[in-house]
Amino acid sequence: LLGGAIGSNMESTDTQKINNTLDHNQVRKTSKWTNKNTGTKYTMTPMSQTMSYQGQQNCRKYHGTINNDGKQQVLKGVACKQSDGRWKTS
């Protein structure tokens, strides 16, 4: 889902949890978890129902946080579900 250094540092279990949150959570229903291997804490909240965005049909606005070693990064944007079932930021 996420690009750059953050996305490359995420483990597949974290990516799966983000995908699951975007697939199943209601609007403003937050999922929270801590990666037991890295100690990184995550939140992910869908901020919209599915919608069309830039020509793609199955997209959602989201808000999330990543806390690692006392540093917090806020994530906001739109993610769209790909044909393989993964969500990708647009």
Side-chain angles (χ1 to χ4, degrees):
L1 169 70
L2 305 171
I6 292 174
S8 64
N9 289 332
M10 293 178 70
E11 293 189 348
S12 62
T13 55
D14 301 317
T15 302
Q16 289 170 356
K17 288 182 186 215
I18 289 172
N19 286 333
N20 188 58
T21 298
L22 293 172
D23 277 336
H24 300 292
N25 284 28
Q26 297 295 319
V27 174
R28 298 192 182 274
K29 171 107 170 74
T30 301
S31 290
K32 299 177 183 182
W33 68 95
T34 300
N35 181 305
K36 293 178 184 177
N37 294 328
T38 65
T40 303
K41 296 179 181 181
Y42 295 88
T43 68
M44 178 58 65
T45 308
M47 301 304 289
S48 71
Q49 298 291 343
T50 55
M51 61 183 188
S52 295
Y53 182 75
Q54 296 182 343
Q56 297 186 62
Q57 298 301 312
N58 197 11
C59 303
R60 293 186 90 172
K61 293 179 183 177
Y62 66 87
H63 182 270
T65 59
I66 299 175
N67 290 287
N68 190 10
D69 292 331
K71 299 175 189 168
Q72 177 173 295
Q73 178 138 12
V74 176
L75 312 169
K76 290 174 76 172
V78 176
C80 297
K81 193 168 187 175
Q82 305 302 295
S83 60
D84 63 3
R86 293 180 299 138
W87 290 82
K88 183 178 178 184
T89 56
S90 294

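Model, not experiment: these values are computed from the prediction.
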TODO: Could you point out which residue of Thr30, Asn67, Thr65, Thr21 forms a side chain to side chain donor-acceptor pair (under 3.5 Å) with Thr43?
DONE: Thr65
Open item on the list: Looking at every heavy atom in both Lys81 and Asp23, which two are closest together, and how far apart are they?
Closed with: NZ-OD1, 2.8 Å
- [ ] Test side chain to side chain contact (heavy atoms under 4.5 Å, CB included) on Arg28 and Met47 and set out the steps.
- [x] CA-CA 5 Å; Arg28 298 192 182 274; Met47 301 304 289; 2.9 Å; yes
Task: Shortest non-hydrogen contact between Glu11 and Asn37, atoms and distance - done: OE1-ND2, 3.2 Å
TODO: Report the C-alpha separation of Ile18 and Met10 in whole Å, then their side-chain angles, then the decisive distance to 0.1 Å, and conclude whether the side chain to side chain contact (heavy atoms under 4.5 Å, CB included) test is met.
DONE: CA-CA 11 Å; Ile18 289 172; Met10 293 178 70; 3.2 Å; yes
TODO: Give a yes or no on whether a salt bridge exists between Asp69 and Lys71, defined as a side-chain N under 4.0 angstrom from a carboxylate O.
DONE: no
- [ ] Take atom CD of Gln26 as the centre, draw a 6.0 Å sphere, and report whether it contains more than 12 heavy atoms from other residues, nucleotides or ligands.
- [x] no
TODO: State whether the side chain of Gln82 and the backbone N or O of Cys80 hold a donor-acceptor pair below 3.5 Å, judged by distance alone.
DONE: yes
- [ ] Using distance alone, with no hydrogens and no angle criterion, decide if Asn58 and Trp87 have a side-chain donor and acceptor under 3.5 Å apart.
- [x] no
- [ ] Only one of Thr34, Asn35, Asn68 passes side chain to side chain contact (heavy atoms under 4.5 Å, CB included) with Tyr42; say which it is.
- [x] Asn35
Open item on the list: Name the residue from Thr13, Thr40, Asp14 that meets the side chain to side chain contact (heavy atoms under 4.5 Å, CB included) definition with Trp33.
Closed with: Asp14
Open item on the list: If I compare all heavy atoms of Pro46 with all of Lys29, which pair ends up nearest, and what's the gap?
Closed with: CD-O, 3.5 Å
Task: Interatomic distance, Lys32 atom NZ to Thr45 atom OG1 [nearest 0.5 angstrom] - done: 8.5 Å
